[in-house]
Amino acid sequence: MGKGTINGNEYSDSDLVKRCAGGDLRSQELLYRRYFSFAMSVCVRYTGDENEAMEIVNDSYMKVLDSVSDYDSSKPFKSWYGKILVNTAIDHYRKNLKHNYSIPINTVTDTGDHEPEIETELSVNDILTLFSRLPVNYRMTFNLFEIEGYTHEEIGQMMGVTASTSRANLARAKKMLRELYMKYTTQGNKGHEGL
(Lines give C-alpha, C1' and ligand atoms only; values in the text may rest on other atoms or scores of the structure.)
Protein backbone atom coordinates (compact mmCIF):
# COMPACT_ATOMS: atom_id res chain seq x y z
CA MET A 1 0.00 0.00 0.00
CA GLY A 2 3.04 2.25 -0.40
CA LYS A 3 2.09 3.71 -3.82
CA GLY A 4 -0.74 5.82 -5.16
CA THR A 5 -1.56 7.66 -8.35
CA ILE A 6 -1.72 11.38 -8.94
CA ASN A 7 -2.49 12.33 -12.53
CA GLY A 8 -1.03 9.02 -13.73
CA ASN A 9 2.24 9.38 -11.77
CA GLU A 10 2.99 7.03 -8.90
CA TYR A 11 4.20 8.37 -5.55
CA SER A 12 5.41 6.50 -2.51
CA ASP A 13 4.23 7.40 0.98
CA SER A 14 7.44 9.41 1.46
CA ASP A 15 6.78 11.37 -1.72
CA LEU A 16 3.21 12.09 -0.66
CA VAL A 17 4.38 13.16 2.80
CA LYS A 18 6.91 15.56 1.25
CA ARG A 19 4.18 17.01 -0.95
CA CYS A 20 1.90 17.30 2.11
CA ALA A 21 4.65 19.18 3.95
CA GLY A 22 4.75 21.56 1.00
CA GLY A 23 1.02 22.22 1.42
CA ASP A 24 -0.20 20.21 -1.59
CA LEU A 25 -3.91 19.69 -0.82
CA ARG A 26 -4.37 16.87 -3.35
CA SER A 27 -1.52 14.89 -1.74
CA GLN A 28 -3.02 15.50 1.70
CA GLU A 29 -6.34 14.12 0.50
CA LEU A 30 -4.72 11.10 -1.19
CA LEU A 31 -2.65 10.23 1.88
CA TYR A 32 -5.76 10.50 4.07
CA ARG A 33 -7.72 8.22 1.72
CA ARG A 34 -4.85 5.74 1.41
CA TYR A 35 -4.77 5.16 5.18
CA PHE A 36 -8.40 5.78 6.06
CA SER A 37 -9.35 2.09 6.46
CA PHE A 38 -6.25 1.43 8.55
CA ALA A 39 -6.95 4.47 10.73
CA MET A 40 -10.60 3.54 11.26
CA SER A 41 -9.67 -0.04 12.16
CA VAL A 42 -7.29 1.23 14.85
CA CYS A 43 -9.66 3.85 16.24
CA VAL A 44 -12.80 1.72 16.33
CA ARG A 45 -10.91 -0.74 18.57
CA TYR A 46 -10.45 2.05 21.10
CA THR A 47 -13.91 3.57 20.92
CA GLY A 48 -16.28 0.87 19.77
CA ASP A 49 -18.30 3.63 18.12
CA GLU A 50 -17.83 4.66 14.48
CA ASN A 51 -18.66 8.34 15.05
CA GLU A 52 -16.15 8.64 17.88
CA ALA A 53 -13.59 6.69 15.85
CA MET A 54 -14.10 9.08 12.92
CA GLU A 55 -13.49 12.04 15.23
CA ILE A 56 -10.21 10.47 16.40
CA VAL A 57 -9.16 9.66 12.81
CA ASN A 58 -9.73 13.27 11.78
CA ASP A 59 -7.98 14.67 14.88
CA SER A 60 -5.06 12.30 14.25
CA TYR A 61 -4.74 13.29 10.63
CA MET A 62 -4.67 16.97 11.61
CA LYS A 63 -1.77 16.07 13.96
CA VAL A 64 -0.05 14.29 11.06
CA LEU A 65 -0.34 17.41 8.91
CA ASP A 66 0.84 19.64 11.78
CA SER A 67 3.93 17.49 12.41
CA VAL A 68 4.57 16.12 8.92
CA SER A 69 7.98 17.83 8.85
CA ASP A 70 9.01 15.62 11.84
CA TYR A 71 8.34 12.40 9.91
CA ASP A 72 11.48 10.29 9.36
CA SER A 73 11.11 8.98 5.80
CA SER A 74 13.50 6.10 6.52
CA LYS A 75 10.74 4.54 8.65
CA PRO A 76 7.33 3.31 7.45
CA PHE A 77 4.67 6.01 7.43
CA LYS A 78 2.05 3.50 8.59
CA SER A 79 3.92 2.83 11.86
CA TRP A 80 4.40 6.54 12.53
CA TYR A 81 0.75 7.26 11.79
CA GLY A 82 -0.32 4.28 13.94
CA LYS A 83 1.44 5.78 16.97
CA ILE A 84 -0.30 9.10 16.38
CA LEU A 85 -3.66 7.31 16.13
CA VAL A 86 -3.11 5.44 19.41
CA ASN A 87 -1.90 8.56 21.23
CA THR A 88 -4.88 10.55 19.96
CA ALA A 89 -7.23 7.77 21.13
CA ILE A 90 -5.61 7.91 24.57
CA ASP A 91 -5.94 11.72 24.64
CA HIS A 92 -9.58 11.34 23.67
CA TYR A 93 -10.06 8.81 26.49
CA ARG A 94 -8.48 11.15 29.06
CA LYS A 95 -10.56 14.09 27.84
CA ASN A 96 -13.75 12.07 28.24
CA LEU A 97 -12.72 10.27 31.44
CA LYS A 98 -15.51 11.85 33.46
CA HIS A 99 -18.05 10.16 31.16
CA ASN A 100 -16.47 6.72 31.45
CA TYR A 101 -17.36 4.16 34.02
CA SER A 102 -16.18 0.78 35.11
CA ILE A 103 -18.22 -2.13 36.30
CA PRO A 104 -17.36 -4.11 39.40
CA ILE A 105 -15.67 -7.42 38.67
CA ASN A 106 -18.34 -9.32 40.58
CA THR A 107 -20.92 -8.37 37.94
CA VAL A 108 -19.09 -10.53 35.42
CA THR A 109 -19.84 -14.20 35.93
CA ASP A 110 -16.97 -16.64 35.91
CA THR A 111 -16.80 -18.88 32.86
CA GLY A 112 -13.83 -20.82 34.18
CA ASP A 113 -10.20 -20.69 33.15
CA HIS A 114 -10.69 -22.61 29.92
CA GLU A 115 -11.78 -21.32 26.57
CA PRO A 116 -15.38 -22.07 25.54
CA GLU A 117 -15.79 -25.43 23.82
CA ILE A 118 -18.42 -24.16 21.41
CA GLU A 119 -16.84 -23.26 18.14
CA THR A 120 -18.43 -20.43 16.25
CA GLU A 121 -17.00 -18.64 13.29
CA LEU A 122 -17.21 -14.97 14.14
CA SER A 123 -17.10 -12.27 11.52
CA VAL A 124 -15.10 -9.09 12.05
CA ASN A 125 -18.36 -7.26 12.81
CA ASP A 126 -19.31 -9.90 15.40
CA ILE A 127 -15.95 -9.51 17.11
CA LEU A 128 -16.19 -5.71 17.08
CA THR A 129 -19.72 -5.91 18.48
CA LEU A 130 -18.55 -8.09 21.37
CA PHE A 131 -15.50 -5.91 21.91
CA SER A 132 -17.55 -2.70 21.89
CA ARG A 133 -19.56 -4.01 24.85
CA LEU A 134 -16.52 -3.64 27.12
CA PRO A 135 -16.33 -0.53 29.28
CA VAL A 136 -13.97 1.94 27.63
CA ASN A 137 -11.20 1.60 30.25
CA TYR A 138 -11.14 -2.19 29.75
CA ARG A 139 -11.15 -1.80 25.97
CA MET A 140 -8.29 0.73 26.12
CA THR A 141 -6.20 -1.48 28.39
CA PHE A 142 -6.83 -4.57 26.27
CA ASN A 143 -5.81 -2.74 23.09
CA LEU A 144 -2.71 -1.16 24.56
CA PHE A 145 -1.47 -4.40 26.15
CA GLU A 146 -2.59 -7.16 23.79
CA ILE A 147 -2.43 -5.37 20.45
CA GLU A 148 0.02 -2.48 20.81
CA GLY A 149 2.39 -4.32 23.19
CA TYR A 150 2.73 -1.71 25.94
CA THR A 151 3.64 -2.80 29.48
CA HIS A 152 1.24 -2.28 32.38
CA GLU A 153 3.57 0.41 33.73
CA GLU A 154 3.40 2.30 30.41
CA ILE A 155 -0.38 1.86 30.22
CA GLY A 156 -0.72 3.16 33.76
CA GLN A 157 1.22 6.30 32.87
CA MET A 158 -0.78 6.86 29.68
CA MET A 159 -4.15 6.35 31.35
CA GLY A 160 -3.36 7.93 34.70
CA VAL A 161 -3.78 4.73 36.74
CA THR A 162 -1.44 2.38 38.57
CA ALA A 163 0.15 -0.64 36.89
CA SER A 164 -1.90 -2.91 39.16
CA THR A 165 -5.11 -1.21 38.00
CA SER A 166 -4.02 -1.81 34.41
CA ARG A 167 -3.46 -5.51 35.20
CA ALA A 168 -6.85 -5.74 36.88
CA ASN A 169 -8.57 -4.01 33.95
CA LEU A 170 -6.97 -6.46 31.51
CA ALA A 171 -8.07 -9.45 33.57
CA ARG A 172 -11.59 -8.04 33.81
CA ALA A 173 -11.69 -7.33 30.07
CA LYS A 174 -10.71 -10.90 29.25
CA LYS A 175 -13.21 -12.30 31.71
CA MET A 176 -15.99 -10.12 30.34
CA LEU A 177 -15.10 -11.03 26.74
CA ARG A 178 -15.34 -14.73 27.64
CA GLU A 179 -18.78 -14.11 29.14
CA LEU A 180 -19.95 -12.14 26.11
CA TYR A 181 -18.60 -14.83 23.79
CA MET A 182 -20.45 -17.52 25.73
CA LYS A 183 -23.69 -15.52 25.53
CA TYR A 184 -23.18 -15.05 21.81
CA THR A 185 -22.44 -18.70 21.12
CA THR A 186 -25.36 -19.98 23.20
CA GLN A 187 -27.71 -17.61 21.36
CA GLY A 188 -26.28 -18.70 18.04
CA ASN A 189 -25.59 -16.38 15.18
CA LYS A 190 -29.16 -15.09 15.18
CA GLY A 191 -28.10 -11.63 16.15
CA HIS A 192 -26.53 -9.58 18.88
CA GLU A 193 -29.60 -7.87 20.29
CA GLY A 194 -29.27 -9.65 23.61
CA LEU A 195 -25.63 -8.71 24.04
Side-chain angles (χ1 to χ4, degrees), residues 37-57 59-60 63 76 78-187 189 192-195:
S37 294
F38 164 72
M40 278 299 285
S41 70
V42 170
C43 294
V44 84
R45 284 192 335 249
Y46 285 92
T47 65
D49 174 84
E50 283 190 34
N51 292 329
E52 228 177 312
M54 186 64 158
E55 183 180 331
I56 295 170
V57 168
D59 289 349
S60 297
K63 289 178 183 180
K78 188 175 188 177
S79 300
W80 182 70
Y81 186 28
K83 287 180 182 172
I84 292 173
L85 289 163
V86 169
N87 288 332
T88 305
I90 292 166
D91 291 344
H92 192 302
Y93 166 79
R94 283 192 201 129
K95 185 176 84 176
N96 294 311
L97 193 58
K98 64 183 176 236
H99 302 295
N100 298 328
Y101 65 93
S102 61
I103 59 171
I105 189 70
N106 60 359
T107 63
V108 180
T109 41
D110 190 4
T111 60
D113 290 342
H114 62 284
E115 293 299 313
E117 291 178 24
I118 303 168
E119 288 194 27
T120 301
E121 205 169 305
L122 298 176
S123 71
V124 172
N125 286 337
D126 294 334
I127 292 167
L128 288 174
T129 297
L130 294 176
F131 197 65
S132 71
R133 301 291 297 161
L134 292 176
V136 68
N137 55 334
Y138 295 179
R139 191 169 51 242
M140 293 285 292
T141 303
F142 185 93
N143 275 313
L144 290 169
F145 186 84
E146 294 292 345
I147 298 170
E148 306 297 340
Y150 288 101
T151 66
H152 287 294
E153 288 72 20
E154 292 168 326
I155 295 168
Q157 289 176 349
M158 287 186 265
M159 294 180 60
V161 298
T162 64
S164 60
T165 298
S166 175
R167 282 185 196 90
N169 285 346
L170 180 62
R172 292 171 181 164
K174 288 179 176 182
K175 190 173 188 178
M176 195 170 177
L177 279 172
R178 279 193 300 270
E179 177 186 88
L180 290 168
Y181 177 75
M182 288 301 292
K183 269 188 187 177
Y184 178 82
T185 57
T186 57
Q187 291 176 356
N189 292 346
H192 334 292
E193 298 82 25
L195 292 179

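Everything numeric in this text was worked out from a predicted model, so none of it was measured.
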**Report entry** side-chain contact (heavy atoms from CB on, under 4.5 Å) between N137 and V161, intermediate numbers included
**Finding:** CA-CA 10 Å; N137 55 334; V161 298; over 6 Å; no
Rounded to the nearest 0.5 Å, what separation is found between the [atom1] atom of [X] and the [atom2] atom of [Y]?
{"X": "L85", "Y": "W80", "atom1": "CG", "atom2": "CH2", "value": "10.5 Å"}
{"X": "I84", "Y": "S79", "atom1": "CD1", "atom2": "OG", "value": "11.5 Å"}
{"X": "R139", "Y": "S132", "atom1": "CZ", "atom2": "OG", "value": "6.5 Å"}
{"X": "T141", "Y": "Y93", "atom1": "OG1", "atom2": "OH", "value": "6.5 Å"}
{"X": "R172", "Y": "L134", "atom1": "CZ", "atom2": "CG", "value": "13.0 Å"}
{"X": "I56", "Y": "M40", "atom1": "CD1", "atom2": "CE", "value": "9.5 Å"}

Do [X] and [Y] come within less than 4.5 Å of each other through their side chains, counting heavy atoms only?
{"X": "T165", "Y": "M159", "value": "no"}
{"X": "I155", "Y": "L170", "value": "no"}
{"X": "Y46", "Y": "M140", "value": "yes"}
{"X": "E148", "Y": "K83", "value": "no"}

Query - Evaluation steps, salt bridge (charged side-chain N to carboxylate O under 4.0 Å, His left out), between E146 and R45 - result: CA-CA 12 Å; E146 294 292 345; R45 284 192 335 249; over 6 Å; no
Query raised in the report: Got more than 12 heavy atoms from elsewhere within 6.0 Å of CD, E153?
Result: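 For E153, atom CD is crowded (more than 12 foreign heavy atoms under 6.0 Å).
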**Report entry** Check: S41 side chain, F38 main-chain N or O, donor-acceptor pair, under 3.5 Å
**Finding:**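 Yes: the side chain of S41 pairs with the backbone of F38.
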Query raised in the report: Among all residues two or more places apart in sequence or in another chain, which pass the side-chain hydrogen bond (donor to acceptor under 3.5 Å, both in side chains) test with T88?
Result: S60, K63
